[in-house]
Amino acid sequence: MMKEAKLIEEFTTEQRALLPKVQLKNTFQIDKIQLVAGVDLAYWDVEGKTYGTCCIVVIDFSTHEVVEKVHSYGEITVPYISGYLAFRELPLIKAAAKKLTLQPDLFLFDGNGYLHYRNMGIATHASFYLNKPTIGVAKSYLKIDDIDFTMPENREGAYTDIVINNKIYGRALRTTKNVKPIFISCGNWIDLETTTDIVMSLVNKESRLPIPVRLADLETHVKRREY
């Protein structure tokens, strides 16, 4: 327990130092985006040890065709601590990103960004290592300060803002009619309107998730079976 408490103290200090550097505004022109990447991770246990894989799938923003896939794999040494998942995932994310031969203009994560207890979900935290704008796309709602989200209307593109302590953390977005919403948030160097527009432009009839995130998720299942 003492070790975990020390880790929490270290992790909190690091994230609080990064938070003032987060910019919820665009540092790019949306019409200049060519490549976007989806990032997802999967874990499994073998003989008392935890292993993981990070998969990054890059697609052409216009055609939605896959142009590159990379992954990393290794033993997980950082324990699971609720709210500090970024520290567990970052080593694999950085290792996978180093293998990219193409440079995505934007990364979408299967996880949260600004919609986080300290506004520092994996999409936000990882942006400082990727040096690219990022978006968080979560399948389930992270409840903060006991605040529930308001269900969006049952139509494609409907959303409701998630407001906590008079601050907008993200959005509940219904990408497909008659399907549960997803929960999007800015990672870094992007605003919420652009985040919404990009996510909606990357959704097709196969899933409520944007294409690169869904493909990265599928790829983690493939790699987990391989390993």
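Values reported hereafter were calculated over all heavy atoms of this structure, with side chains retained and with hydrogens, waters and symmetry mates removed. Numbers for residues simply follow the sequence, beginning at 1.
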Please tell me if the side chains of Tyr84 and Glu4 come closer than 4.5 Å, counting only heavy atoms from C-beta onward. no
Distance from Thr220 atom OG1 to Asp110 atom CG, nearest 0.5 Å? 8.0 Å
Search all heavy atoms of Val39 against all heavy atoms of Cys54 and return the closest pair with its distance. CG1-SG, 3.8 Å
Any residue meeting side-chain hydrogen bond (donor to acceptor under 3.5 Å, both in side chains) with Tyr129, in chain and number order, not counting sequence neighbours: Glu14
Backbone N/O of Ala123 and side chain of Thr134: donor-acceptor pair under 3.5 Å: yes
Verify, without hydrogens or angle tests, whether Thr124 (side chain) and Tyr114 (backbone) share a donor-acceptor contact under 3.5 angstrom. yes
Do the non-hydrogen side-chain atoms of Cys55 and Asp40 ever get within less than 4.5 Å of each other? no
Which distance, rounded to the nearest 0.5 Å, do you find between the NZ of Lys139 and the CD1 of Ile182? 10.0 Å
Using only atom types and a distance under 3.5 Å, with no angle test, would you say the side chain of Asp60 pairs donor to acceptor with the backbone of Glu65? no
For the student: nearest non-hydrogen atoms of Ala172 and Ile162, plus distance: N-CD1, 3.9 Å
Exceeds 12 heavy-atom contacts within 6.0 angstrom, atom CG of Asn166: no
Are Val57 and Leu218 close enough, and set up right, to give a side chain to side chain contact (heavy atoms under 4.5 Å, CB included), and what steps lead you there? CA-CA 10 Å; Val57 178; Leu218 293 173; over 6 Å; no
Residue pair Val199 / Arg171, side-chain heavy-atom distance below 4.5 Å: no
Shared hydrophobic cluster, Ile81 / Tyr117 (ILVMFWY, side-chain heavy atoms < 4.5 Å): no
Test side chain to side chain contact (heavy atoms under 4.5 Å, CB included) on Leu173 and Val137; report intermediate values, then the result. CA-CA 10 Å; Leu173 173 66; Val137 180; over 6 Å; no
Student check: side-chain heavy atoms of Val22 and Asn119 closer than 4.5 Å: no
Given Phe149, which partner from the list Tyr169, Tyr159, Phe183 fulfils the ring-ring contact (aromatic ring centres under 6.0 Å, His included) test? Phe183
Side chain to side chain, Lys143 and Asp148, heavy atoms closer than 4.5 Å: yes
Inspect the surroundings of NZ in Lys99 and state if more than 12 heavy atoms from other residues, nucleotides or ligands are less than 6.0 Å away. yes
With no hydrogens and no angle check, is any side-chain donor or acceptor of Thr50 less than 3.5 Å from a backbone partner on Asp45? no
Looking at His71 and Ala96, would you say the former's side chain and the latter's main chain have a donor-acceptor pair under 3.5 Å? no
Value for CD (Glu206) from CZ (Arg214), rounded to nearest 0.5 Å, stands at 4.5 Å
Measure the CG-CD1 distance between Leu130 and Ile93 for me, rounded to the nearest 0.5 Å. 7.5 Å
Is it the case that the side chain of Thr195 and the backbone of Ser185 share a donor-acceptor pair, with hydrogens and angles ignored and the cut-off at 3.5 Å? no
What orientation do Tyr73 and Trp44 show, parallel under 30°, tilted 30 to 60°, or perpendicular over 60°? parallel
Please check if the side chain of Glu68 supplies one atom and the backbone of Leu100 the other of a donor-acceptor pair under 3.5 Å. no
Ile190 versus Phe28: any side-chain heavy-atom pair under 4.5 Å? yes
Quick one, Lys69 with Ile56, criterion side chain to side chain contact (heavy atoms under 4.5 Å, CB included). Give me CA distance, side-chain angles, the key distance, then yes/no. CA-CA 6 Å; Lys69 294 192 290 189; Ile56 302 177; over 6 Å; no
Has the side chain of Arg118 got a donor or acceptor atom that lies under 3.5 Å from a matching backbone atom of Leu19? no
Among the clusters formed by ILVMFWY side chains lying less than 4.5 Å apart, do Ile184 and Met200 turn up in the same one? yes
Thr176 (side chain) donor-acceptor with Arg208 (main chain) under 3.5 angstrom: no
Should we say atom CD of Glu156 is surrounded by more than 12 heavy atoms from elsewhere, each under 6.0 Å from it? no
Count the heavy atoms of every other residue, nucleotide or ligand shown that sit under 6.0 Å from CD of Gln23, and state whether that count exceeds 12. yes
Can you confirm whether Asp191 sits close enough to Leu24 that some side-chain heavy atom of one is under 4.5 Å from a side-chain heavy atom of the other? no
Applying side chain to side chain contact (heavy atoms under 4.5 Å, CB included) between Pro210 and each of Val36, Asn204, Leu108, report the one that passes. Leu108
Would you say Lys94 has more than 12 foreign heavy atoms packed within less than 6.0 Å of its NZ? yes
How far apart are the closest heavy atoms of Glu75 and Tyr51, and which atoms are they? CA-CD2, 3.7 Å
Is it true that a side-chain atom of Thr160 and a backbone atom of Thr150 form a donor plus acceptor pair closer than 3.5 Å? yes
Can you hop from Val179 to Met151 via hydrophobic side chains spaced under 4.5 Å? no
According to a 4.5 Å side-chain heavy-atom criterion applied to Ile, Leu, Val, Met, Phe, Trp and Tyr, with indirect links allowed, do Leu215 and Phe61 form part of one hydrophobic cluster? yes
Going by an N to O cut-off under 4.0 Å, is there a salt bridge joining Lys223 and Glu226? yes
CZ of Arg174 to CG of Asn154: how many Å apart, nearest 0.5 Å? 4.5 Å
Less than 4.5 Å apart, side chain to side chain, heavy atoms only: is that true for Arg88 and Tyr43? yes
Count I, L, V, M, F, W, Y as connected when their side-chain heavy atoms are under 4.5 Å apart, and connections chain through other members. Are Leu106 and Val213 then in the same cluster? yes
Non-hydrogen atoms of Lys21 and Ala17 that approach each other most closely: CE-O, 4.1 Å
Rounded distance (nearest 0.5 Å) linking atom NE2 of His125 with atom CZ of Phe11: 9.0 Å
With clusters built from Ile, Leu, Val, Met, Phe, Trp and Tyr whose side-chain heavy atoms come within less than 4.5 Å, directly or transitively, what are the remaining members of the cluster of Leu85, listed by chain and number? Tyr80
